[in-house]
Structure formats: C-alpha cells, structure tokens
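Everything below concerns the one structure shown next.
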Amino acid sequence: MLDPYGPAAEAVAWTWWAMFGFSAVVLVGVVALWLIGMRRSPAAIPEEKAAIYNRRWIVWGGIVLPCVSIVLLLSFGIPQGKRMLPLPVEGEQPLKVEVIGHQWWWEVRYPESGVVTANQMNLPAGRPLDIHVTSADVIHSFWIPRLGGKIDMIPGRTNVIRLEADRPATHRGQCSEFCGMQHTHMILYSEVQTAEDFADWIRARQQWQAPEPDATTRDLFQRECAACHQVSSLKGSPVQTTDETLLIGPDLGDVASRSHLGAGVLRNEAGAIRRWLSEHQRLKPENRMPSLDHLEDRELDVLADWLETLTP
Ligand code: HEC
Ligand SMILES: [Cu+2]
C-alpha cells in the first residue's frame with residue numbers, strides 16, 4: 001500500500017503518511033505534557049483561578065484542538081478521496097472492467113470487447129479505469145493495494161472505483177472482506193501492460209478460437225464440468241451454456257494462460273491443470289468444485305490435455 005503504482009494509490013499512501021505524521025506529533029505532544037505533569041510538584045491553585053484553568057482546558061483541549069485536527073485531516077483527506085471517485089475525465093475515456101466476486105475466485109469481464117477471464121486482470125498503463133464490482137454470492141471486497149483503495153463487492157449492487165496504473169508491473173490483489181473458508185486464497189493477479197500490449201492481449205482473446213476437443217473429451221466435459229464451467233473461446237460449441245448467471249465456476253476459455261490456478265493456490269506450470277483436477281480439494285479445501293474422485297485417471301488426463309491447449 002505504501003508502494004503506489006498509480007494516482008489513486010498515491011493518494012492513499014499520502015493520506016496514510018499524513019495521518020501517521022499527524023498522530024506522531026500528537027503522541028509526542030501528549031507524552032511531553034505527561035512528563036512535565038509528572039515532574040512538576042503540584043502548586044496550590046487559588047480557588048478563583050481553578051475555574052478559569054478548568055474552562056481553559058475544556059475550550060482549548062476539548063473543542064479547539066479536535067476541531068482544528070479534524071478540519072486539517074478532512075481538508076487533506078477529502079480531495080484525496082475524490083481522486084478515487086468515478087468522475088468525468090478529460091481526454092481518454094476510462095476503460096470499464098467488471099469484476100465479480102465468487103466464493104472463492106474472481107470473474108473479470110471487459111464489456112467493451114466481450115472478453116471474459118478469471119483470476120487474472122490485465123490492464124493498460126496510463127489510462128483511467130472504472131472498475132465495476134459486484135458479487136455472485138456473499139460480500140467480498142476488491143483490493144489491489146498498489147493501485148488504490150478497496151471497495152466492497154455486494155450481491156445485487158454495483159460499486160465503482162476509479163483506478164489508474166502508471167507503469168507496467170504485476171500486482172497482487174486480495175479479497176479483503178471475510179467471505180468464508182477460503183477467503184485467504186482469493187488472490188487476483190493484475191498485470192499492467194503498455195497500451196499496445198494490452199490491446200494485443202484483448203485482441204488475441206477476441207480472435208482466438210479454442211481447439212475442438214475430440215468426441216470423448218467433449219462428452220466428458222459436457223457431463224462432468226459444463227454445469228459449472230463455460231469455455232467461451234470454443235465458438236458455437238454445445239459446451240457453451242447459455243445462462244451465464246448459473247455458472248459457479250470460472251470460465252476456462254483461456255485457463256492455460258493464467259499464471260495461477262485456484263485464485264493463487266497453484267502456480268500454473270506444466271502439469272498444474274492435471275494436478276488441480278485430482279488434488280484441488282487438498283490444495284484448496286472446501287472450494288466449490290466437487291472432488292473428481294469418481295473419474296478415472298485416464299479421463300482426467302484427456303481433460304487436462306485439452307485444457308492445457310486453452311491459451312490464446
Ligand atoms: C459444481 C461446480 C463445478 C464442477 C462440476 C466443476 N468445477 Fe471446476 N471449478 C469450480 C469452481 C467453483 C472453481 C473455482 C475454485 C476456486 O478457485 O475456489 C473451479 C475451478 C476449476 C479450475 C481452475 C480454474 C482457474 O483459473 O483457477 C479448473 C481447471 C477446473 N475447475 C476444471 C474443471 C473440470 C475439468 C471439471 C470437470 C471434470 C470441473 N472443473 C468441474 C466448480 C466446478
Ligand atoms: Cu473474501
């Protein structure tokens with residue numbers, strides 16, 4: 001959070017430092033007064049002065065000090081907070097990205113280009129982003145600390161946060177509202193790219209068609225997986241289901257291109273997809289994908305072999 005990669009994150013970091021500095025000054029002041037108070041031998045205060053002293057403490061310490069402190073903090077904090085609101089911008093229009101929280105993974109949609117992915121969010125550097133967040137089940141919270149503030153993802157409601165990334169880098173995002181057993185393992189890797197690389201990334205996904213699985217693999221997928229997973233890159237295929245809102249698992253259209261599986265629990269190296277299919281309940285206990293123990297190794301092998309090819 002204190003290593004900002006964009007204006008919204010900078011605002012957060014500055015607010016943090018300002019509040020830290022201010023509270024440090026207050027702490028030093030209080031401790032100094034306390035030390036002085038401890039060392040001074042009590043002087044007899046005449047009756048008539050005592051009431052004045054008491055009132056002075058209340059007026060200066062109880063009214064003026066808190067008012068000045070709060071006004072100072074707000075005059076710093078409100079403009080900083082404004083930088084994270086989706087207000088109109090001059091020049092390039094913000095890129096709209098929809099992020100939907102699920103137990104326990106992230107659905108990421110680019111409505112302008114029709115691209116859908118999961119657990120990875122590629123973003124262009126130097127362009128404002130309006131992140132529209134909601135949830136498919138319980139309350140989650142969207143937070144990529146190096147890019148800016150966090151915002152709650154609430155079922156049935158869309159919240160918007162304005163972010164911007166100023167240079168290419170990979171950032172880690174984390175669900176930050178406790179959402180159940182695997183809340184910890186709800187990590188969103190965000191790859192900030194140059195505008196050209198990002199356009200290529202989007203174009204690759206728009207144009208790409210997944211290789212057709214053979215009949216056995218297709219039947220297997222249809223029977224065992226399609227109730228929860230869609231493969232959006234498999235154009236015009238019966239594997240595609242129509243009612244997206246019923247899908248409780250991530251779109252697998254570009255699954256082999258993701259850096260991790262299971263929202264951060266498993267690095268997606270060679271063989272990782274196969275490992276996920278047989279070990280996912282051990283890697284991520286109680287995640288919403290049922291164990292596939294009833295399938296034979298051979299069946300998991302053909303599914304994994306095909307899923308491995310799903311990268312634009
Ligand atoms: C009842 C619903 C359901 C069924 C059936 C199901 N899955 Fe899943 N799957 C999920 C959910 C939910 C996740 C996300 C788990 C998580 O990360 O918490 C997931 C995750 C995955 C992932 C990791 C994707 C990623 O990017 O992290 C792969 C690969 C996968 N499933 C493949 C399969 C295959 C192949 C089948 C069929 C043999 C299958 N799934 C059947 C619900 C299901
Ligand atoms: Cu969570």
Side-chain angles (χ1 to χ4, degrees), residues 99-108 116-121 133-144 150-155 173-189 210 213 216-234 239 241 245-269 271-311:
V99 183
I100 301 147
H102 295 255
Q103 284 175 315
W104 290 277
W105 58 279
W106 307 85
E107 178 176 342
V108 179
V116 183
T117 185
N119 299 331
Q120 63 177 351
M121 183 167 71
V133 307
T134 187
S135 165
D137 36 50
V138 300
I139 299 178
H140 302 274
S141 183
F142 173 92
W143 191 29
I144 299 180
K150 68 178 88 153
I151 192 159
D152 274 359
M153 311 172 90
I154 299 168
Q174 170 71 49
C175 176
S176 44
E177 181 71 50
F178 181 71
C179 58
M181 177 72 175
Q182 287 296 343
H183 162 68
T184 326
H185 294 139
M186 192 167 156
I187 296 158
L188 174 63
Y189 283 98
T216 328
T217 315
R218 172 188 294 270
D219 290 348
L220 204 52
F221 190 89
Q222 190 65 39
R223 195 178 73 230
E224 300 288 340
C225 323
C228 302
H229 292 289
Q230 169 171 319
V231 181
S232 58
S233 55
L234 201 61
V239 167
T241 48
T245 55
L246 286 179
L247 295 175
I248 69 157
D251 188 299
L252 298 178
D254 63 354
V255 66
S257 74
R258 296 173 194 160
S259 69
H260 292 75
L261 298 175
V265 293
L266 181 62
R267 200 177 275 282
N268 195 5
E269 323 160 309
I273 293 182
R274 179 65 183 79
R275 192 166 160 219
W276 171 265
L277 295 186
S278 47
E279 286 177 42
H280 65 90
Q281 281 298 338
R282 210 166 331 133
L283 292 162
K284 194 170 181 177
E286 289 185 26
N287 83 76
R288 291 292 171 88
M289 172 158 154
S291 149
L292 300 176
D293 286 350
H294 61 288
L295 296 182
E296 288 172 26
D297 280 353
R298 185 179 40 85
E299 294 177 305
L300 297 181
D301 288 345
V302 294
L303 281 169
D305 284 349
W306 177 57
L307 293 175
E308 290 282 1
T309 65
L310 300 183
T311 177

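What you see below is based on every heavy atom in this structure, not just the backbone, and it leaves out hydrogens, waters and symmetry mates. Both counts, for ligands and for their atoms, begin at 1 and track the order of listing. Index from 1, following the sequence.
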What protein heavy atom lies closest to [atom]? Include the residue and the distance to one decimal.
{"atom": "atom 15 (C) of ligand 1", "result": "Asn287 OD1, 3.6 Å"}
{"atom": "atom 37 (C) of ligand 1", "result": "Cys225 SG, 1.8 Å"}
{"atom": "atom 21 (C) of ligand 1", "result": "Trp276 NE1, 3.2 Å"}
{"atom": "atom 4 (C) of ligand 1", "result": "Cys228 SG, 3.4 Å"}
{"atom": "atom 12 (C) of ligand 1", "result": "Ile248 O, 3.3 Å"}
{"atom": "atom 18 (O) of ligand 1", "result": "Lys284 NZ, 2.8 Å"}
{"atom": "atom 5 (C) of ligand 1", "result": "Glu224 O, 3.2 Å"}
{"atom": "atom 32 (C) of ligand 1", "result": "Leu277 CD2, 3.6 Å"}

Next on the checklist: Geometry only, no angles: is Arg258 polar-contacting ligand 1 at N/O separations under 3.5 Å?
Outcome noted: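 Between Arg258 and ligand 1 (N or O atoms, distance only) the closest approach is under 3.5 Å.
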Next on the checklist: I'd like to check whether Gln103 has a polar contact with ligand 1, where a contact means an N/O of the residue lying under 3.5 Å from an N/O of the ligand.
Outcome noted: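 Min N/O separation from ligand 1 is not below 3.5 Å for Gln103.
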Item to check | Among the N, O or S atoms of Glu177, the one nearest the Cu ion (ligand 2) | outcome: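 In Glu177, the N, O or S atom with the shortest distance to the Cu ion (ligand 2) is O.
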Next on the checklist: To make sure I understand the geometry: which N, O or S atom in His183 is closest to the Cu ion (ligand 2)?
Outcome noted: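 Minimum-distance N/O/S atom of His183 relative to the Cu ion (ligand 2) is ND1.
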Item to check | His140 backbone or side-chain N/O/S under 2.8 Å from the Cu ion (ligand 2) | outcome: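 Under 2.8 Å: His140 has no N, O or S contact with the Cu ion (ligand 2).
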Within a strict 4.5 Å, meaning less than it, do heavy atoms of the [X] and [Y] side chains meet?
{"X": "Phe142", "Y": "Met121", "answer": "yes"}
{"X": "Thr216", "Y": "Val302", "answer": "no"}
{"X": "Cys175", "Y": "Trp106", "answer": "yes"}
{"X": "Val99", "Y": "Glu107", "answer": "no"}
{"X": "His280", "Y": "Asn287", "answer": "yes"}
{"X": "Val116", "Y": "Val108", "answer": "no"}

Checklist entry - Would you say Pro290 touches ligand 1, if touching means a heavy atom closer than 4.0 Å? => result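 Per 4.0 Å heavy-atom rule, Pro290 contacts ligand 1.
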Checklist entry - Does ligand 1 have any atom sitting under 4.0 Å from a heavy atom of Pro250? => result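 It does, in that a heavy atom of Pro250 comes within the 4.0 Å cut-off of ligand 1.
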Report, in ascending order of atom number, the atoms of ligand 1 lying under 4.0 Å from any heavy atom of [X].
{"X": "Asn119", "result": "25 (C), 26 (O), 27 (O)"}
{"X": "Gly262", "result": "17 (O), 25 (C), 27 (O)"}
{"X": "Leu303", "result": "38 (C)"}
{"X": "Leu292", "result": "38 (C)"}
{"X": "Leu307", "result": "35 (C)"}
{"X": "Trp105", "result": "12 (C), 14 (C)"}

Hydrogens and angles aside, do [X] and [Y] bring a side-chain donor and acceptor to less than 3.5 Å of each other?
{"X": "His294", "Y": "Glu224", "value": "yes"}
{"X": "Asp254", "Y": "Gln120", "value": "yes"}
{"X": "Ser232", "Y": "Asp251", "value": "yes"}

Checklist entry - Can you give the angle Met289 SD - atom 8 (Fe) of ligand 1 - His229 NE2, rounded to 10°? => result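 Met289 SD and His229 NE2 form an angle of 170° at atom 8 (Fe) of ligand 1.
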Next on the checklist: Using the side-chain contact (heavy atoms from CB on, under 4.5 Å) definition, which of the options Arg275, His260, His185 pairs with Leu266?
Outcome noted: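 The residue from Arg275, His260, His185 that satisfies side-chain contact (heavy atoms from CB on, under 4.5 Å) with Leu266 turns out to be Arg275.
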Next on the checklist: Under the side-chain contact (heavy atoms from CB on, under 4.5 Å) test against Ser141, which residue among Val133, Asp152, Ile151 passes?
Outcome noted: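 The option that passes is Asp152.
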Checklist entry - With backbone taken as N, CA, C and O and side chain as the heavy atoms from C-beta onward, which portion of Val265 lies under 4.0 Å from ligand 1: side chain, backbone, both, or neither? => result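 None of Val265 does.
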Next on the checklist: For Arg223, I'd like to know if atom CZ has over 12 heavy atoms of other residues, nucleotides or ligands within 6.0 Å.
Outcome noted: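 Correct, the count exceeds 12.
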Next on the checklist: Please determine whether salt bridge (Lys or Arg N to Asp or Glu O under 4.0 Å) holds for the pair Asp297 and Arg274, giving the CA-CA distance in whole Å, both sets of side-chain angles, and the decisive distance to 0.1 Å.
Outcome noted: CA-CA 10 Å; Asp297 280 353; Arg274 179 65 183 79; 3.6 Å; yes
Item to check | Trace of the side chain to side chain contact (heavy atoms under 4.5 Å, CB included) decision for His140 with Gln103 | outcome: CA-CA 9 Å; His140 302 274; Gln103 284 175 315; 4.0 Å; yes
